[in-house]
Structures are given as C-alpha cells and as structure tokens.
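Here is the naming used below: chain letters follow the sequence lines, and residue numbers restart at 1 for every chain. The model shown is predicted, which means the values in this text are computed figures rather than measured ones.
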Amino acid sequence: MSNFKELGLSQQILAALSANGFEKPTPIQTQAIPQVLNGRDLIGLAQTGTGKTAAFGLPMIEKLLADGRRADPRNIRALVLAPTRELVNQIAANLKLFVKKTPLKVGIVVGGVSINKQTEQLARGVDILVATPGRLLDLVARKALTLTQGRYLVLDEADQMLDLGFIHDLRKIAKLVPKNRQTLLFSATMPKQIAELAGEYLTDPVKVEVTPPGKAADKIEQYVHFVPGKDLKTQILKQSLTNNPDGLSLIFSRTKHGAEKLMKHLDHVGFKAASIHGNKSQSQRERALKAFRDGEIRVLVATDVAARGIDIPGVTHVYNYDLPEVPDAYVHRIGRTARNGRDGIAIAFCTPDEIRLLRDIEKLMGIEIAVASGDAPADQARSPRGHGGRGNGQNRGNGGGQRQDKAPRRKRPAREPAVTGFAGDELLREDRPQNHDRRDQRVTGHGHHDGRSEGNRNHEARKHHHGRPGPQDSHRGRSDGNRRQDMRRTGKGGGRQG
DNA sequence: AAAAAAC
C-alpha cells in the first residue's frame, strides 16, 4: 500500500494530509487504518514516531465525519488518553492539523493549567478530547464532562500509563465510556497487566506490530562512557555538546533535582539550556519544549517525563547522563533521536554503580553498546571488577537478526592498544566550551583496529598526562565511515572503575 | 528508586 487513498480515506482527509506534507503512510498506518475503518478494536505494538497518531486519528476522524453528528455540550465523541501532558499536547496538535478543514473540534484536558478554560471548551462541544487521566476524572467528577456519548477510546502509551500508576484511572475511565465503543490500545511493550487490560476492555482486537523491540534503536549509534564519577560525566558531556554545535541535544537525568542542577551548570558555562521535569510548572515545561523545538536552545535536560513519545525532529544526540533504573526507559529515551528516517547518536555515561543497569539494558535490547571510554581494552572495561571479559559470543545488533542496512558489527580484539589519550585534568579546568581542539576529540569511524587513527594525532603529546596509555576507543558499532562521530575520550586519569 | 499525574 503506497498511498493514503488506497487505505480508504476520503477526499477531505486526503486534502488535509497533502496540505501538511503527509505523502506515504508509515507501516503502522498502512496496517491500522483499514482495520479501524472497519470498526475493529485494535492493539498496536508501536512506539511513537512510527506515525501512531495518524494511524488511529485519521480513520477515527473519517468515521466521526461519516456519522454526521456534532458534539453535544459536555459530551465528547472520542477520547484519547496519554500519560504525560506534553504527549497530550503533541497528539492534539497533530489531530488539529487533520481536522482543520472539517467541523470537528479537538479539545485538550491536562492538569497543571487552568481548569476553567477546559470547562468552557467542553461546554462549547468537543468531538475528540485528548487528555491525561487525572484531570479528565476531575472534570467528570465536576460534571463538566460526560463520556456517555463516547464512541471511540484510544489508550496511547498504555505501558507507560501502567508504570505511572494510572491503571486504576484507566479502568474507571474505560467503564465510563459505553460498551458499544471502538477501543484502540497502543503500547510499546505488552506486559501482563496491559494484556489483561486489553482482554477486559477490547473486543476481539486485531493486533498490529510494527516495531519489534530494538528495531527502533537500529538507526541510532550508541556508545557508553565508563566513568568513575559524576564530575567526569559532566566534563565529557560538555565537550561532546561543543562538538555538536548544530544539532539538538537531549540529556536525561535520573532525578528532577539532578536535571535542574545540570541544566543550571550547563547554562552557567555558556550552553543555552533549559530543563523539563515534574517540578516545573506546566507553562515552564511548555516554554522549554517550544524553545528546544524551535532551536532557540540546543540543550534540554530532562527527566523521564520526556522519555517517551515526544517528537522533536532536530534531536541528533540523546545523552543518558544517568542510566535509567528501568531498562525500557533507555529504549524510549534514545528513541527521541533518529526519528523520521534521520540518524541519531545516543551516548550513555556509566559509573561503577550503574553497571548493573547497563547490563540490564543490553540484555533487553540484545546488543552490546560500544565502549567509548574506560581505562582498559573494552572487554575488560566492561567488567571493571576484574571478573574477566564478558561479551563472549555476544553480538551487536538488535538481537533479532533484523538489521538490513549495515555490515556486520565487529567485535574488538581484546588486546587492542589504547589510543584515546585525553588529559582529563586539562579538561576539568575548562569552564567554557571550546572549539580549538575539536579534532582531537574525534576519531575516525572505523578501521582503527591497528590501534591508531587520525583522530589521535596529538595522542603522543597527551599521553604523558597519564601514567599509562588511555583506553582504546572501541567503536565496534559501525563500518560506515561516513557517519558522524562523537568524541570519545578516556576518563580522568584513566581511572579504573570498581 | 524515581518519575508522572488532580486539586
């Protein structure tokens, strides 16, 4: 199926699509649209960025238009639930594009903003309401809204809603929407509770799966820096940001406090940065996101509030400043880059006490993340407590044999000489991002298995800063020399972790 | 263990 028309969409929708530059349906759209048009309940296993919103939105709009009714005051005809306010705004923005030339109204209901405007909006009549669960139930309790005319219920990012403890709210809401509705459930993963939820609230659903685990991460170059402590994370981060003056960098922190602190530091040393997390007001969050989206600021520090679904086209780098406690979150975080067919780079920092987390992540994805630093050859660096190398027979790749576009990834020889000399102490003295020695921070993308690469010309001059050679920059991930590279450096003083 | 989400 190569165009939207063949999927059964009407002229009105097709016009809106071409006006907004939608040309070819994505796989999930191709699979889901005809099913939804046929009235089927649907379970979609997919991440955002795959075109999910259009996959459920277009056929839903089509059917809402076809039945020719208008929304009664305080009654909605379709309800879309999502876990975060930002995601709700994003979904609604997309749907609004689709309904622009139709009489349909899209409404937004989220917490953190004035409830009165939402009440007024609902009183005027909303056909498609996009909401977070808490405020929605609040409005229902206030009788500002009833769901008794609801014909469509969409649960987006259902697994995250589960993680965030929305399961009870979801059940409550699902019971408020009449049984003769059509229900569409989207989830990146399918944990038992979501499967149960689907069994309870969906009728004979058709399953659509477009992103097998790991697949979405396939276009993303991934590296991990082993560092002894947090200071070095910051130093390496700053250098890396300096090396990437054009793209947008999204940095994930484990805590709200940590995100704020890091943002303030980066801002203080000259990177225009903003932060987004749950301690910020909704207007601050929205402002930060907009400035980042518009490229006004290039650096956004976030908690997992921004881990999922957020679609910002210009994000070239995702940093896991802290590794997430839940391995799933890593996949979602890095999925903020390499969207819409673009490339992306994901750089993680790993302190000794985060190694457990890294291993969980690698296990989940079925890959081994290329080592960007450490003080020993990669295999040993991966096992800093000296239990010998791991990775025996472990393959890079997505573990599912689905890589189609790359040469096989090579495992690095265990005793490769170290090349990435980097005077960590020098760097620590830098207060501001500098450009003058950028070349030193890069290595060629491939083929330096002889232990030398052109990015290390100054290595000899720097080596004496260490008592011994720094670590090899293991770059096992690619054989494609044209890919952009990020800096890879050793840790301060080459300290071994553990 | 932290994050998000209702006031």
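- The CG atom of A:Leu323 sits 16 Å away from the P atom of B:dA3 (whole-angstrom rounding).
- Residue A:Thr84 places no side-chain N or O under 4.0 Å from the OP1 or OP2 atom of B:dA5.
- A salt bridge links A:Glu354 with A:Lys233: the closest approach of a Lys/Arg side-chain nitrogen to an acidic carboxylate oxygen falls below 4.0 angstrom.
- Put simply, CG on A:Asp322 is 16 Å from P on B:dA1, counting in whole angstrom units.
- We find that A:Arg40 and A:Asp204 are joined by a salt bridge, their nearest charged nitrogen and carboxylate oxygen being less than 4.0 Å apart.
- In summary, A:Arg287 and A:Glu296 do not engage in a salt bridge, as defined by a charged side-chain N under 4.0 Å from a carboxylate O.
- Remark: A:Glu286 pairs with A:Asn89, A:Gln282 by the side chain to side chain donor-acceptor pair (under 3.5 Å) rule, at least two apart or across chains.
- Straight-line distance from the CG atom of A:Leu357 to the P atom of B:dA1: 12 Å, rounded to whole Å.
- Within 4.0 Å (heavy atoms only), A:Arg142 reaches no atom of the nucleic acid at all.
- Straight-line distance from the CZ atom of A:Phe166 to the C1' atom of B:dA5: 4 Å, rounded to whole Å.
- Between the CD atom of A:Glu157 and the P atom of B:dA4 there is a distance of 16 Å, rounded to whole Å.
- A:Asp246 has no carboxylate O lying under 4.0 Å from a charged side-chain N of A:Arg298, or vice versa, which leaves the two without a salt bridge.
- Applying the ring pair (Phe, Tyr, Trp, His ring centres under 6.0 Å) test to every pair with at least one member in residues 157-208 of chain A, sequence neighbours left out, gives these pairs: A:Phe56-A:Phe186.
- For the pair A:Glu260 CD and B:dA3 P, the interatomic distance rounds to 12 Å; values are reported in whole Å.
- At a non-hydrogen distance threshold of 4.0 Å, A:Gly111, A:Gly112 from residues 111-118 of chain A come into contact with DNA chain B.
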